[in-house]
Amino acid sequence: VNNCSNRIKEKALELGFMACGIAQARKLTEEEGHLQHYIEKQFFGEMGFMKNHFQKRLDPSLLFPGAKSVIVVLANYYPGNNISETNGLLVSKYALGADYHFVVKKLLAELFEFIQKEISPANGRIFTDSAPVLEKAWAVQAGLGWIGKNGLLINPNSGSYHFIGEIITDLELGYDEPFVSEYCGNCTKCLTECPTNALVTPRVLNAQKCISYLTVEYKEIIPAELRPALKNRVFGCDICQDVCPWNKKAKKTNIPEFEPIKDIVQADLKWWQQLDEQHFDELFQHSAFKRVGYTKIKSNIDGLNIE
Ligand code: SF4
Ligand code: SF4
């Protein structure tokens with residue numbers, strides 16, 4: 001089984017993933033209290049999926065019956081230094097290239113096809129931010145890093161600019177040791193630099209105050225008192241990652257689809273203000289912008305508070 005695991009990991013890297021680890025599927029009972037607390041505090045904003053499927057979130061065999069293994073991959077999206085600041089406007093690094101839902105899913109499907117053809121005719125299911133999987137907890141179980149005080153998975157070799165994807169399968173494999181240490185140490189940069197104090201305590205995010213949530217998931221008009229902190233952010237916020245010392249290790253992505261879309265990089269305020277819906281849909285058909293939609297992006301632009 002260890003040999004099979006090694007072949008899967010080699011293939012994952014060959015496909016362009018930055019890292020791959022494998023954990024034994026089991027109910028994550030140790031996460032139950034944390035999840036319950038988060039839901040009770042209603043820190044999830046409007047993200048109803050957080051409270052739905054509570055048991056499914058903890059138990060992979062409820063997502064895929066007969067689950068034995070969770071294969072976890074990291075896909076690097078780091079576009080290179082400071083590219084997210086374009087013409088004075090800010091777009092989160094993860095949204096500069098193609099929509100990760102498509103890209104990571106496609107690569108995971110290729111990985112699973114390899115497993116079925118070359119290793120064993122296993123059954124399984126692919127996930128990337130698409131179902132109630134506790135992705136970061138599984139990445140820790142698969143030995144890929146620790147959850148930093150900013151609430152994100154930090155990989156000791158590359159930091160946190162990555163997407164996480166999983167294959168839950170009935171194939172028995174050799175497993176990685178969970179990542180038991182954490183290396184934030186005395187650092188508190190992500191907490192102190194967050195402009196809205198959305199990180200209430202280490203690893204506890206109040207999504208209702210988080211710029212990333214407000215500019216992407218939140219459907220209503222952004223509360224006026226939070227507007228000034230948004231400054232020139234059109235989509236998302238990277239501050240609690242940009243200040244993290246571990247992200248000095250980030251290297252540019254080698255996944256071609258994550259190359260920044262030219263129009264986003266070149267856009268200035270006037271361009272955004274003049275963009276109509278049809279043009280928006282055409283330009284961003286493969287981008288996370290399309291998923292968020294024209295109306296929301298337009299309202300972010302209209303509310304910009306540029307100094
Ligand atoms: S994404 Fe921005 S607003 Fe949200 S917690 Fe991080 S620094 Fe704060
Ligand atoms: S900024 Fe500091 S405290 Fe926050 S996640 Fe990075 S190392 Fe940890």
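In listed order, ligands and their atoms are each counted from 1.
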**Study point:** Metal site atom 2 (Fe) of ligand 2: N/O/S of C244 inside 2.8 Å
**Key:** no
**Study point:** Distance from atom 7 (S) of ligand 2 to nearest protein heavy atom, with residue and atom
**Key:** W246 CD1, 3.6 Å
**Study point:** Which of the ligand 1 atoms, numbered from 1, are nearer than 4.0 Å to a heavy atom of T196
**Key:** 3 (S)
Exercise for review: Could you tell me the residue and atom name of the protein heavy atom closest to atom 2 (Fe) of ligand 2, and the distance to it rounded to 0.1 Å?
Suggested key: C187 SG, 2.3 Å
Exercise for review: Report the relative orientation of the aromatic rings in F289 and F280; use parallel for angles under 30°, tilted for 30 to 60°, perpendicular for over 60°.
Suggested key: perpendicular
Exercise for review: Run the numbers for me: atoms of ligand 2, each under 4.0 Å from some heavy atom of I154, listed by number.
Suggested key: 5 (S)
Exercise for review: Indicate the ring-plane relationship of W246 and W146, choosing parallel, tilted or perpendicular according to the 30° and 60° boundaries.
Suggested key: perpendicular
Point to revise | Residue of the set F258, Y78, F102 for which ring pair (Phe, Tyr, Trp, His ring centres under 6.0 Å) holds with F163 | key: F258
Point to revise | Co-membership, hydrophobic cluster, residues L152 and W138, 4.5 Å side-chain | key: no
Check your understanding: Is the gap between the ring centers of F127 and F64 under 6.0 Å?
Key -> no
Review point. For atom 8 (Fe) of ligand 2, which protein heavy atom lies nearest, and how many Å away is it?
Key: C184 SG, 2.3 Å
Point to revise | Atoms of ligand 2 close to K149 [distance to a heavy atom under 4.0 angstrom, numbered from 1] | key: 3 (S), 5 (S), 8 (Fe)
Review point. So do I222 and N300 actually touch side chain to side chain, heavy atoms under 4.5 Å?
Key: yes
**Study point:** Heavy atoms from other residues, nucleotides or ligands near CD of E30 exceed 12 (cutoff 6.0 Å)
**Key:** yes
Exercise for review: Classify the ring geometry between Y94 and Y77 as parallel (under 30°), tilted (30 to 60°) or perpendicular (over 60°).
Suggested key: perpendicular
Review point. Any side-chain heavy-atom pair from V91 and L89 closer than 4.5 angstrom?
Key: no
Practice item. Using a cut-off of 2.8 Å, find all protein N, O or S atoms closer to atom 6 (Fe) of ligand 1 than that distance. Key: C240 SG
